[in-house]
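Naming: A, B, ... by sequence-line order, numbering from 1 per chain.
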Protein chains: 2
Amino acid sequence: MMNPPLFDAACSACPIRHRAVCARCDAEEMAQLETIKSYRTFAAGDAILWRGEPLAFVASVVSGVASLSKTLEDGRTQMVGLLLPSDFIGRPGRDTIDFDVTATTDVVLCCFARKPFEALIEDTPHVAQRLMELALDELDAARDWMLLLGRKTAREKIATFLDMLARRSHLAATGDAAPTASALLDVPMTRDQIANYLGLTLETVSRQFSVLKRDGIIDQVDRRQVTVRDLSRLQQATGDDADGGVWS
Amino acid sequence: MMNPPLFDAACSACPIRHRAVCARCDAEEMAQLETIKSYRTFAAGDAILWRGEPLAFVASVVSGVASLSKTLEDGRTQMVGLLLPSDFIGRPGRDTIDFDVTATTDVVLCCFARKPFEALIEDTPHVAQRLMELALDELDAARDWMLLLGRKTAREKIATFLDMLARRSHLAATGDAAPTASALLDVPMTRDQIANYLGLTLETVSRQFSVLKRDGIIDQVDRRQVTVRDLSRLQQATGDDADGGVWS
DNA sequence: CGGGCCATTGACTTAGGTCAATCTGCGTGG
DNA sequence: CCACGCAGATTGACCTAAGTCAATGGCCCG
């Protein structure tokens, strides 16, 4: 269990101050946000929001990983989004959402009461501008994901997933866009969650991990850690165009 | 071939005036938009934009249907969006897009030069607000599509596709949300395009049309027209939750 | 009448799902 | 400290939905 960091009420000390929905806000707008915000924490596995339930808050992810998922009548489920720090939860202008939101790891949210937040969108331009950028970024990611779900093989899906984790951890560590060397990766989900993310079964996820290991592309340290032995072969295995801006 | 409607330069007469990116603009903002807009038309099958090419314009679809698609190294392709009248093309703040845009039917676009449009986003709140709404709507649609691509069977995919067409044509005809009776549907794409939309092969699309016909759920008038015989059985065949807000 | 272009249908293959057995590591309680 | 149990992961055997390859059919247009 993580030792939950304590968050100061002051936005100026916030780790996502310059990337979240408030990124473009000036001092006065920040002061307004400050009055309607509150922090909430969730343990790994907790439900954050249920589909269809009235939405009292919108929120930014401050730390941890949350996931969005949809379910068919007979219980098949598909993850339709992975929310990382600075990502936004909620749908200003609508009072329900159409998917479940779950804490994948322990999560801290910065919540804003919905009504005053919507008023802020009307009154101050910078919130709407930033929210538009965040929505367009998520739309790009969703489209990459549609290509993966519709057309990639199981092997390509796993390779894409690991390549994404490699890029992200490299980005977080160095601020640099493209990793070039091998790396030790943290896999923040169970096989079952990965399967729901990639549109596979957990058995297929497990088998493809084994295949990539047998091919010498990765090594499995333990169930939550993987080392990439050959990043360029991993990237070839994703099936993407060489110059593909995927996850760029 | 359609008899192309003539569009008046005046926004006040525009068929998408109240739904497009300009929906919330006041008279003064409209005047600004009016100075940077121009109409362009494309024939069915024409490329509108290529992935990666520098983006001089952003645009709204005025009439017709356009599609967004992505392609893997070896040529497999997946449609990642279907643009109908009032939908928006482009990515303010970035000078390329990461997918191809193609005219599925004959298309009329209302194009805005990108730089002045971006300036407008900075200066006037209503454009950014509306663009945020449009992006969030597309994100909802993309998430429904991810569920379809990742988890639905071929039969469910075709049923969902036909149900979507039924809802749309009913909505366009009556302004009403949910169709209840059978209807004659226009299928605006070839089997191959449908396959790329649904993450299937064209043979599987054809076979599933035949199965739904054998089951008495639909009738095929010709290759571009279908009558829905039993809408409630069609909706059951989509696999969605009964109260599912899909395509709502 | 002939030649494309879609669409349909059939025969066969295969990637990935299903079901089931086994393994591994970890926290709990004796 | 060890034994137990449980949750997650792996692996194998088998099955099936959908893909592949190939032949045929209908339709429009010159």
Side-chain angles (χ1 to χ4, degrees), chain A residues 1-2 43-45 72 74-78 102 104-105 148-162 185-215 218-226 237 239, chain B residues 1 43-45 72 74-78 104-105 148-162 185-215 218-226 237 239:
Chain A
M1 197 88 324
M2 81 176 190
L72 293 174
D74 63 0
R76 283 170 286 169
T77 81
Q78 174 65 52
T102 312
T104 301
T105 64
L148 176 143
L149 292 172
R151 293 302 187 194
K152 288 191 179 181
T153 64
R155 180 186 166 93
E156 288 168 340
K157 286 177 176 180
I158 298 290
T160 305
F161 175 67
L162 290 174
L185 292 182
D186 225 47
V187 180
M189 319 163 150
T190 65
R191 296 291 179 266
D192 190 55
Q193 289 171 321
I194 298 170
N196 283 334
Y197 194 27
L198 299 175
L200 297 170
T201 60
L202 71 92
E203 292 94 331
T204 299
V205 171
S206 189
R207 277 188 249 274
Q208 293 300 329
F209 267 99
S210 302
V211 171
L212 289 177
K213 187 164 126 192
R214 229 165 283 147
D215 291 353
I218 63 168
D219 256 341
Q220 291 184 274
V221 178
D222 68 21
R223 55 186 66 189
R224 292 281 185 140
Q225 290 199 309
V226 163
Chain B
M1 198 88 324
L72 293 173
D74 63 359
R76 283 169 286 170
T77 83
Q78 174 66 50
T104 300
T105 65
L148 175 142
L149 292 172
R151 294 300 186 195
K152 288 192 177 181
T153 64
R155 180 188 166 93
E156 288 167 341
K157 286 177 176 180
I158 299 289
T160 305
F161 176 67
L162 291 174
L185 292 182
D186 225 45
V187 180
M189 319 161 148
T190 65
R191 297 289 181 266
D192 190 56
Q193 289 171 320
I194 297 170
N196 283 334
Y197 195 29
L198 299 175
L200 296 171
T201 60
L202 71 91
E203 292 95 331
T204 299
V205 171
S206 190
R207 277 188 248 274
Q208 293 301 327
F209 267 98
S210 301
V211 171
L212 289 178
K213 187 164 124 191
R214 228 165 284 148
D215 291 354
I218 62 169
D219 258 338
Q220 291 185 273
V221 179
D222 68 21
R223 56 186 65 187
R224 291 282 184 139
Q225 291 200 308
V226 164

Please examine the side chains of Val211(B) and Ile158(B), heavy atoms only from C-beta on, and report whether any two atoms are closer than 4.5 Å. no

Query raised in the report: Looking only at atom types and distance, does a side-chain atom of Gln193(A) sit under 3.5 Å from a main-chain N or O of Thr190(A), one as donor and one as acceptor?
Result: yes

- Message: Are the side chains of Leu212(B) and Val226(B) in contact, using a 4.5 Å heavy-atom criterion?
- Response: no

Its contact letters, B for base, S for sugar-phosphate only and - for none at protein heavy atoms under 4.0 Å, make nucleotides 12-28 of chain D read BB----SSBB----B--

Taking side chain as C-beta onward, heavy atoms only, is Phe161(A) less than 4.5 Å from Leu148(A)? no

note: Asp192(A), atom CG; dA7(D), atom P; distance rounded to Å ~ 13 Å

- Query: Any sub-3.5 Å donor-acceptor pair from Gln78(A)'s side-chain atoms to Asn196(A)'s backbone N or O?
  - Reply: yes

Nearest heavy-atom contact between Leu202(A) and Ala195(A) is N-CB, 3.5 Å

Q: Return no unless some side-chain N or O of Gln220(A) is found under 4.0 Å from OP1 or OP2 of dT10(D).
A: yes

| message | Can you confirm whether Val187(A) sits close enough to Gln225(A) that some side-chain heavy atom of one is under 4.5 Å from a side-chain heavy atom of the other? | response | no

Does Asp215(B) reach the side chain of Arg155(B), with side-chain heavy atoms less than 4.5 Å apart?
yes

Donor-acceptor check, side chain of Arg151(B) to backbone of Leu200(A), threshold 3.5 angstrom: yes or no?
yes

With five pairs defining each end axis, the helix from dC1(C)-dG30(D) to dG30(C)-dC1(D) comes out bent, to 10°, by 30°

Footprint ends on DNA chain C, 5' to 3', for atoms under 4.0 angstrom from a heavy atom of chain B, come out as dC6(C) to dA11(C)

message: Under 4.0 Å, counting only non-hydrogen atoms across every strand here, what does Ser206(A) touch: a base, just sugar-phosphate, or nothing?
response: base

| task | Looking at every strand, decide which applies to Gln193(A) at a 4.0 Å heavy-atom threshold: base, sugar-phosphate, or nothing. | result | nothing

### Message
Checking the side chain of Thr160(B) only, and the main-chain atoms of Glu156(B) only, is there a donor and an acceptor separated by less than 3.5 Å?
### Response
yes

